[in-house]
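Below is one structure, written out as structure tokens, with a few remarks after it.
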2 protein chains.
Amino acid sequence: MSKIPETASPSVGGLRPSHSAADCSQSSQAVQDALYVLSGKWKLPIIVALSGGPRRFGELQRLVSGITAKMLSKELKELEMNEFAIRRVYATMPVTVEYELTEYSQSLNSIIEALRDWGIQHRARILGKDSVKA
Amino acid sequence: MSKIPETASPSVGGLRPSHSAADCSQSSQAVQDALYVLSGKWKLPIIVALSGGPRRFGELQRLVSGITAKMLSKELKELEMNEFAIRRVYATMPVTVEYELTEYSQSLNSIIEALRDWGIQHRARILGKDSVKA
DNA sequence: GTAAGCAGTATCCCAAAGGATACCACTATA
DNA sequence: TATAGTGGTATCCTTTGGGATACTGCTTAC
């Protein structure tokens with residue numbers, strides 16, 4: 001279930017392993033940890049889709065275009081493990097399931113902001129160079 | 001050479017493709033772009049190793065412990081493409097090659113800081129829960 | 001003469017990530 | 001009675017990331 005390799009201590013959602021203990025600075029390790037929980041093709045898109053409020057599984061699958069049920073299911077489990085999302089089951093017929101971002105997921109905001117700002121200026125920079133080239 | 005898929009426009013270092021145009025917000029796309037240039041196992045460790053000043057290939061391979069020549073070579077090329085590093089060849093015998101971070105690479109600092117800060121508190125949080133569990 | 005260091009490249013291989021498709025049990029609707 | 005929608009799982013397959021190993025051509029040191 002957990003993605004923690006042998007060397008790591010057991011933990012809630014998992015931390016990336018040191019690829020070689022204490023050789024990179026611990027700050028580098030922290031960066032790797034953060035990058036790790038956001039890695040993969042779908043985590044951010046799902047978080048964005050959930051940022052508008054609780055969503056059901058099928059809704060999410062429609063919102064995050066291109067994702068398969070398998071990947072959505074898998075990524076939601078990881079988001080749950082990392083305590084970024086919670087899963088609520090309602091005893092309707094048929095059962096409905098809602099996913100919602102946790103308060104802790106808000107702690108990612110500064111990262112997401114930094115990534116977004118940089119991404120925007122980087123894209124502008126690249127497109128600018130393209131037009132010069134053309 | 002470039003990692004740009006068919007759908008994307010030609011660009012300096014490459015941007016991640018929209019997996020489906022204009023359905024996710026552009027801010028989500030920007031986040032993906034940023035995540036993309038930092039992805040992989042070695043980019044950050046290499047950037048960290050270079051942050052102390054220019055380094056030769058062999059030096060880097062020793063500094064970034066565990067990396068193979070193949071991966072180092074590949075990652076350095078990508079860092080060059082994204083204009084995070086420059087490669088300088090000196091006509092010594094045998095030739096020496098130096099890699100150095102560019103000014104543009106400094107633009108990543110706010111991202112790296114955000115990732116580091118979050119990573120540190122996340123690790124503390126997880127280890128805290130572990131000790132409660134134990 | 002041979003080993004080691006310079007900066008890589010080439011080839012092969014394995015494991016992880018991710019996509020396609022089929023399927024589960026159940027119900028309301030057409 | 002068939003179809004679509006509820007929330008997924010199981011299986012198979014391809015693609016990608018990355019590691020291991022060998023090798024290049026040149027030079028200095030042993």
Nucleotide nearest [X] (side chain, heavy atoms from C-beta), chosen from [options]:
| X | options | result |
| --- | --- | --- |
| A:M71 | C:dT9, C:dG8, C:dG19 | C:dG19 |
| B:K77 | D:dG18, C:dT9, C:dG19 | C:dT9 |
| B:V97 | C:dA7, D:dT6, D:dG8 | C:dA7 |
| A:T68 | D:dG7, C:dC6, C:dG19 | C:dG19 |
| B:P94 | C:dG19, D:dG7, C:dG5 | C:dG5 |
| B:M93 | D:dC26, D:dG8, D:dT6 | D:dC26 |

* Residue pair A:V37 / B:W118, side-chain heavy-atom distance below 4.5 Å -> yes
Rounded to whole angstroms, how far apart are [atom1] on [X] and [atom2] on [N]?
| X | N | atom1 | atom2 | value |
| --- | --- | --- | --- | --- |
| A:Q61 | C:dG19 | CD | C1' | 13 Å |
| A:K70 | D:dG8 | NZ | P | 16 Å |
| B:L76 | C:dG8 | CG | C1' | 11 Å |
| A:Y90 | C:dT27 | OH | C1' | 21 Å |
| A:R88 | D:dG8 | CZ | P | 14 Å |
| A:I67 | D:dT9 | CD1 | P | 13 Å |
| B:L72 | D:dG18 | CG | P | 13 Å |
| B:F57 | C:dA4 | CZ | C1' | 17 Å |

Do the side-chain N or O atoms of [X] get closer than 4.0 angstrom to the phosphate oxygens (OP1, OP2) of [N]?
| X | N | result |
| --- | --- | --- |
| B:K41 | C:dA17 | no |
| B:R62 | C:dC6 | yes |
| A:S73 | D:dT9 | yes |

* Any chain of hydrophobic side-chain contacts (each under 4.5 Å) joining B:L115 to B:I120? -> no
* Asked: Hey, does the side chain of A:S110 reach the backbone of B:A114 with a donor-acceptor pair shorter than 3.5 angstrom?
  -> no
* To do: Kindly give the heavy-atom pair with the smallest separation between B:L101 and B:I47, and that separation in Å.
  => CD1-O, 3.8 Å
* Structure fact -> When B:A69 and A:G58 are each assigned the nearest nucleotide of DNA chain D, the 5'-most assignment goes to A:G58
* Give, for atom CD of B:Q32 and atom CG of A:L38, the distance between the pair rounded to the nearest 0.5 Å. => 10.0 Å
* Asked: Touch check for A:Y99, heavy atoms < 4.0 angstrom, all strands: base, sugar-phosphate only, or nothing?
  -> sugar-phosphate
